[in-house]
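As the structure is a computational prediction, the values presented were derived from the model and not from experiment. For reference, positions follow the sequence shown, starting with 1.
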Amino acid sequence: MKIVAVSDDGVTISQHFGRAPFYVVVTVEGDKIVHKETREKSGHHTFAAHHADVKPGERHGYDAGAEVRHANMVSAIADCQVLLAGGMGWGAYESLQNSNIKPIATDVRDIDEAVQRYLDGKLENLMERLH
């Protein structure tokens, strides 16, 4: 199984899927982490600004071109089954689900701790962190 976390530094989970520049892909066998790799990730830093038209409190990630941006971000992790992020837009969340990747919004910052909690069935999906 492969669990991926979005990250700014390779150690902690980024607070926003779209803004993170890296993926940390954790390969798990049984209940143990057996391999980690960092992959570059496209996102807000590679796409032109696209949240300008979103009003506070509105769901975002549904604007023209969002599906293409999300597909680009997901293509690098198509071999993963679970994605961990501090938060994300609803459009990204649904794109991940449609790609058979289970997105989880979490307040756990440490990647290894979050992976272990997921494996133990103790990582809560905090839907209020979606926007």
Could you give me the CA-CA distance, side-chain angles and deciding distance for Asn98 and Val74, then say whether side-chain contact (heavy atoms from CB on, under 4.5 Å) is met?
-> CA-CA 10 Å; Asn98 292 337; Val74 170; over 6 Å; no

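- Arg117 places no side-chain N or O within donor-acceptor distance of the main-chain N or O of Lys122, the cut-off being under 3.5 Å.
- Hydrophobic cluster membership differs between Val34 and Leu119, with clusters built from Ile, Leu, Val, Met, Phe, Trp and Tyr side chains linked at under 4.5 angstrom.
- No continuous path of ILVMFWY side-chain contacts below 4.5 Å connects Ile104 to Leu130, so the two sit in separate hydrophobic clusters.
- Taking all atoms of both residues into account, the shortest heavy-atom contact from Val11 to Ser7 is N-OG, 3.6 Å.
- For Asp79, the salt bridge (Lys or Arg N to Asp or Glu O under 4.0 Å) partners two or more places apart in sequence, or in a different chain, are Lys2, Arg39.
- Distance alone, capped at 3.5 Å, places no donor-acceptor pair between the Asp8 side chain and the Ser14 backbone.
- Taking Asp120 as the reference, Gln116 meet the side chain to side chain donor-acceptor pair (under 3.5 Å) condition, with sequence neighbours excluded.
- Side-chain atoms of Asp9 and Thr12 include a donor-acceptor pair closer than 3.5 Å.
- Lys36 contributes no side-chain N or O that, together with a main-chain N or O of Val25, makes up a donor-acceptor pair within less than 3.5 Å.
- Met127 is connected to Ile101 through a chain of hydrophobic side-chain contacts under 4.5 Å among Ile, Leu, Val, Met, Phe, Trp and Tyr, so both are in one cluster.
- Closest approach of Val24 and Thr38 over heavy atoms only: CG2-OG1, 4.3 Å.
- Under the 3.5 Å distance criterion, the side-chain polar atoms of Arg129 are left unmatched by any main-chain donor or acceptor of Ala105.
- Listed by chain and residue number, nothing satisfies the salt bridge (Lys or Arg N to Asp or Glu O under 4.0 Å) test with Glu124 (two or more places apart in sequence, or in another chain).
- Note on Val28: it clusters hydrophobically with Leu84, by side-chain heavy-atom contacts below 4.5 Å among ILVMFWY residues.
- With values rounded to the nearest 0.5 angstrom, Ile3 atom CD1 is found 9.0 Å from Leu123 atom CG.
- Remark: Leu83 CG to Ser99 OG distance equals 11.0 Å, nearest 0.5 Å.
- In Glu40, the CD atom is not crowded: 12 or fewer heavy atoms of neighbouring residues, nucleotides or ligands sit closer than 6.0 Å.
- The same ILVMFWY cluster, assembled from side-chain heavy atoms under 4.5 Å apart, contains both Ile111 and Met1.
- Residues Ala92 and Met88 share a closest heavy-atom pair of C-SD, 4.2 Å.
- Residues Met73 and Ser42 meet the side-chain proximity criterion, which asks for heavy atoms closer than 4.5 Å.
- Here the closest heavy-atom approach between residue Pro103 and residue Leu96 is recorded as CB-CD1, 3.8 Å.
- Residues Ala20 and Val6 share a closest heavy-atom pair of CB-CB, 3.7 Å.
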For Lys41 and Tyr23, run side-chain contact (heavy atoms from CB on, under 4.5 Å): C-alpha distance rounded to whole Å, both residues' side-chain angles, the deciding distance at 0.1 Å, then the answer.
-> CA-CA 6 Å; Lys41 179 188 155 300; Tyr23 289 120; 3.3 Å; yes

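- Formation of a donor-acceptor pair under 3.5 Å by the Asp112 side chain with backbone atoms of Val115 is not found in this model.
- The cationic group of Lys102 does not satisfy the cation-pi geometry with Tyr118, failing either the under 6.0 Å distance to the six-membered ring centre or the 45° limit from the ring axis.
- You'll find the side chain of Thr27 stays beyond 4.5 Å of the side chain of Ile33, heavy atoms only.
- Inter-residue side-chain proximity for Tyr93 and His131 is flagged as unmet; no heavy-atom pair is nearer than 4.5 Å.
- Here the closest heavy-atom approach between residue Ala5 and residue Ile13 is recorded as CB-CG1, 4.1 Å.
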